[in-house]
Amino acid sequence: MKKILLLACMAWLNMAGIIASNISVEGITLYPGETKTVNISLTNTETNLVGFQMDLTLPDGISINKAGCSLSSRFSDPDQTLTIGKQGDNVYRLTSTSLALTPISGTSGTLLTLSLTASTNSDGGIATLSDIRFATSTSGRVTMNDASFVIESSPSITFVDDNVKALCVANWDTSGNGELSEAEAAAVTDLGTVFKENSTITSFDELQYFTGLTSIGNSAFSSCSSLTSVTIPEGVTSIGDYAFNLCSSLASVTIPEGVTSIGRGAFRICTGLTSITIPEGVTSIGREAFAGYMSPDMPMSLTSVTLPSSLTSIGERAFFFCPCLTSITIPEGVTSIDKSAFSNCSGLTSVNISSSVTSIGSYAFEGCTGLTSITIDEDNEVYDSRNGCNAIIETTSNKLFLGCKNTVIPSSVTSIGNSAFYGCTGLTSITIPEGVTSIGSQAFESCTSLTSVNISSSVTSIGENAFKGCVRLTSVKEKSETPPAIYYNTWPRLKKATLYVPHGCMAAYSAATYWQDSFKAIKEFPDADVNQDGEIDVVDVVEIARFVVGTPAETFEEFLADLNNDDDVNVADAVVLVNEIAGDVNFAKPHGAPRQDLGDERLTLTENDGHSLSVSMESQRDYTAFQFDIYTNSDDNVMGLRLNTARKNGHQLIYNKVDEGHYRVVALSEANNAFNGTNGELMNIQLDSFNTGDVTVSNIHFITTDGTDHRFDDISLSSVTGIESLTPDSSEKGNTNIYDLSGRKVSESSALQKGVYIVNGKKIVVK
């Protein structure tokens with residue numbers, strides 16, 4: 001309102017003709033207690049002006065600071081000075097004359113600069129220049145009309161919450177006018193405990209005007225239980241311990257850029273917060289900074305947390321009991337996650353831990369009962385034998401992942417530390433990767449839902465009570481041909497579990513200390529008796545076929561059916577089994593001969609009349625079986641699949657609808673016959689309708705009679721495809737963009753195992 005009145009007054013003065021065109025002054029904003037300069041400008045109508053005189057009338061509370069006043073460079077007489085005298089209250093006379101009669105140069109621009117100071121209770125107003133006279137070098141007088149300009153004081157802050165305003169005015173209204181100006185707010189450097197434990201204040205977004213603050217002090221807003229929103233001002237670099245502790249209604253808080261640390265318990269039990277963005281620049285999050293409390297009415301409501309790349313540490317219990325938090329990504333730069341940092345975040349389903357993390361405290365993910373995926377970045381430049389991921393799992397304190405359901409251990413790990421996965425009651429299976437040499441004491445103790453364990457051939461020792469309390473364990477697959485060293489209580493007398501060992505190693509395990517007494521049975525793998533019913537027959541072929549098309553028997557054990565030892569159960573294993581049953585191939589003989597470059601072989605998918613598609617082959621090789629997936633638009637139903645009658649040679653077609661728009665197809669001959677002919681249509685696909693851009697055939701396997709698996713690239717309508725091959729020592733291996741089929745980046749420094757990889761966006765087979 002004050003500003004409107006001043007502008008209205010200014011407009012009135014203009015209309016009255018007081019402001020002359022020859023003298024001009026721009027208005028300024030002058031906060032109480034502030035000093036600022038203003039320029040008086042002159043547009044010359046004469047060329048021989050040598051001196052001037054004018055009176056300046058200032059509003060109450062505004063005065064001239066003589067030390068800051070000066071003539072401009074338009075006065076070229078070095079002896080000419082500015083004289084300021086006082087004519088009365090708030091009236092100053094400004095004079096300057098060149099007795100050497102040196103004229104003012106130029107025709108327009110700044111004439112002089114005045115320094116004005118506002119008192120602490122100044123409200124601003126209209127300043128007026130009057131009785132303006134200029135002298136010429138010929139003793140003439142030039143008079144000009146009066147001029148005026150607005151001096152606006154700092155505006156008062158409009159508060160949403162009257163209770164907040166009352167506290168601010170009571171503590172920082174230095175002018176005594178019952179309002180808090182922006183300048184008065186900006187002068188505050190410490191909030192102290194003015195707001196602590198005040199349950200009446202509800203909104204304080206006006207805190208943004210307190211730009212003189214560099215920190216929100218310890219307990220500044222602690223127990224302000226009705227506070228719903230607050231905007232922290234620019235310039236704040238730290239949020240103190242318990243600054244917003246127990247602000248249970250706080251639903252919105254803006255943390256500005258520039259904050260570098262969030263103190264202990266800063267937002268503890270702020271149960272109304274649903275999301276928080278921690279800005280770049282924050283390097284540490286203190287203990288219990290965003291923690292809830294183990295009580296039905298005091299959990300945190302956070303569903304989303306964005307952590308900045310500047311962060312280096314996450315404090316103890318920082319996000320304790322945030323049950324609504326579903327995922328978290330630990331950014332590069334974080335080196336430590338302290339004890340119980342995410343404990344009891346029961347809604348957490350996935351965690352991505354960056355390669356920079358070298359230590360995770362005890363119970364860091366305790367009680368994360370919904371956690372189904374933990375991905376630990378395995379950049380080998382970081383995760384070597386000295387630090388990184390190996391340090392995480394090898395040297396961590398007890399019960400790191402207590403309560404987790406699924407954990408992917410990266411290949412850079414060399415040992416599993418004591419109690420690292422203690423009490424992961426939701427964990428159902430675990431695979432120890434190649435490279436791990438030891439499993440520590442109690443490493444998987446009390447993982448009561450664990451049913452299967454797959455241990456790599458590199459493990460040489462397993463500690464005491466490593467699997468104690470794993471009461472549901474039924475299957476242990478041990479890949480080492482030499483039994484690892486164990487203790488009498490490593491395996492807790494698993495009378496319900498079967499130990500599976502490499503082919504030809506049953507005797508060694510049966511004679512090894514403590515191994516022979518710990519399991520219900522010891523069996524060798526792979527095992528042609530796939531269903532473990534004591535018979536090797538066509539039923540086992542059916543078991544593999546059912547698994548391949550996606551309808552496996554409940555008791556099917558995949559690793560037993562990997563008969564060609566390529567770590568992939570598919571139709572090739574069924575072919576090997578057919579050979580075994582027929583007696584054509586000695587099962588003990590290694591299968592899975594190196595996959596070969598397909599050369600000029602081609603596979604095509606083409607459109608026929610109506611809604612029919614053909615899969616055709618151009619080949620010089622005899623195939624006995626194939627397997628692939630068909631993907632269509634979810635609205636396009638497969639009405640029928642059939643083998644080309646002329647190409648069949650005792651072959652049967654098996655297929656299953658895996659999901660909407662996804663079908664698994666297998667063709668197999670129980671006599672292991674090759675298809676009739678090597679070129680032309682193999683099979684026909686009939687759909688009720690289709691969009692030509694939505695039909696793809698992928699995961700393609702063609703098997704020769706010896707069980708060798710040949711793989712083609714994915715094909716779509718009218719496409720032609722072959723496949724490239726890659727050997728483990730190929731120059732391609734050094735490519736930095738090698739991924740497995742699960743999308744995980746493959747280490748450049750480790751040897752590639754045989755299998756299919758994505759290299760620079762294309763499929764490559766390692767033979």
Side-chain angles (χ1 to χ4, degrees), residues 6-30 34-59 61-118 122 124-153:
L6 291 174
L7 291 176
C9 180
M10 184 69 178
W12 180 85
L13 290 173
N14 278 328
M15 290 186 291
I18 294 177
I19 298 179
S21 61
N22 294 34
I23 290 288
S24 60
V25 187
E26 291 186 358
I28 61 171
T29 299
L30 192 58
E34 184 182 28
T35 296
K36 187 178 287 187
T37 58
V38 60
N39 292 327
I40 298 176
S41 298
L42 168 70
T43 300
N44 287 353
T45 57
E46 302 284 342
T47 59
N48 62 345
L49 301 178
V50 296
F52 68 85
Q53 169 188 322
M54 64 184 75
D55 291 340
L56 172 65
T57 303
L58 293 173
I62 308 294
S63 60
I64 284 183
N65 174 27
K66 293 183 180 181
C69 300
S70 63
L71 297 173
S72 74
S73 59
R74 296 178 68 183
F75 295 90
S76 55
D77 182 350
D79 295 323
Q80 190 167 355
T81 59
L82 175 66
T83 301
I84 302 175
K86 202 163 186 181
Q87 298 296 301
D89 291 341
N90 301 330
V91 180
Y92 300 84
R93 178 158 293 173
L94 314 176
T95 60
S96 179
T97 304
S98 170
L99 299 180
L101 305 182
T102 304
I104 301 170
S105 64
T107 59
S108 63
T110 300
L111 181 71
L112 69 153
T113 298
L114 298 180
S115 176
L116 306 180
T117 300
S122 168
I126 300 293
T128 304
L129 290 169
S130 61
D131 194 19
I132 303 171
R133 308 176 187 187
F134 279 82
T136 67
S137 60
T138 59
S139 301
R141 179 184 295 113
V142 176
T143 60
M144 299 181 184
N145 292 335
D146 295 350
S148 63
F149 58 96
V150 175
I151 300 177
E152 184 178 349
S153 66

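Below, all heavy atoms of this structure are taken into account, side chains as well, without hydrogens, waters or symmetry copies. Residue numbers run from 1 in the order of the sequence given.
- Distance check: M144 CE to L42 CG gives 5.0 Å after rounding to the nearest 0.5 Å.
- One N or O on the side chain of S72 and one on the backbone of L111 form a donor-acceptor pair closer than 3.5 Å.
- The shortest distance between side-chain heavy atoms of V50 and T136 does not fall below 4.5 Å.
- Taking OG of S41 as the start and CG of L112 as the end, the distance is 9.0 Å to the nearest 0.5 Å.
- In this structure, T29 and K36 approach most closely via the heavy-atom pair O-NZ, 2.6 Å.
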Show me the donor-acceptor pairs within less than 3.5 Å that the side chains of residues 86-96 make with the rest of the protein, sequence neighbours left out.
{"from": "N90", "atom 1": "ND2", "to": "D60", "atom 2": "OD1", "distance (Å)": "2.8"}
{"from": "R93", "atom 1": "NE", "to": "D55", "atom 2": "OD1", "distance (Å)": "2.7"}
{"from": "R93", "atom 1": "NH2", "to": "D55", "atom 2": "OD1", "distance (Å)": "3.4"}
{"from": "R93", "atom 1": "NH2", "to": "D55", "atom 2": "OD2", "distance (Å)": "3.0"}
{"from": "S96", "atom 1": "OG", "to": "Q80", "atom 2": "NE2", "distance (Å)": "3.1"}
{"from": "S96", "atom 1": "OG", "to": "T81", "atom 2": "O", "distance (Å)": "2.9"}

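- Between atom CD1 of residue I23 and atom CZ of residue F134 there is a gap of 4.5 Å, rounded to the nearest 0.5 Å.
- Using a 4.5 Å heavy-atom threshold, the side chains of V150 and I126 count as touching.
- If you take CG on L129 and OG on S148, they are separated by 8.5 Å, rounding to the nearest 0.5 Å.
- Once rounded to the nearest 0.5 Å, the distance linking CG of N22 with CD1 of I132 reads 9.0 Å.
- For P59 against G124, the heavy-atom pair with the smallest separation is CB-O, 3.6 Å.
- Here I62 contributes atom CD1 and L116 contributes atom CG; the two are 7.0 Å apart, rounded to the nearest 0.5 Å.
- Side-chain contact between S115 and T35 is present, with at least one heavy-atom pair separated by less than 4.5 Å.
- Using a 4.5 Å heavy-atom cutoff, the side chains of C69 and I64 are in contact.
- Of all the heavy atoms in I84 and K66, the pair that sits closest is O-NZ, 3.2 Å.
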Review point. Step by step, would you call N39 with T113 a side chain to side chain donor-acceptor pair (under 3.5 Å)?
Key: CA-CA 5 Å; N39 292 327; T113 298; 2.8 Å; yes

Output a table of donor-acceptor pairs, distance under 3.5 Å, between side-chain atoms of residues 98-106 and any protein atom two or more places apart or on a different chain; print 'none' if there are none.
{"from": "S98", "atom 1": "OG", "to": "D77", "atom 2": "OD2", "distance (Å)": "2.6"}
{"from": "S98", "atom 1": "OG", "to": "L101", "atom 2": "N", "distance (Å)": "3.3"}
{"from": "S98", "atom 1": "OG", "to": "T102", "atom 2": "N", "distance (Å)": "2.9"}
{"from": "S105", "atom 1": "OG", "to": "R74", "atom 2": "O", "distance (Å)": "3.2"}

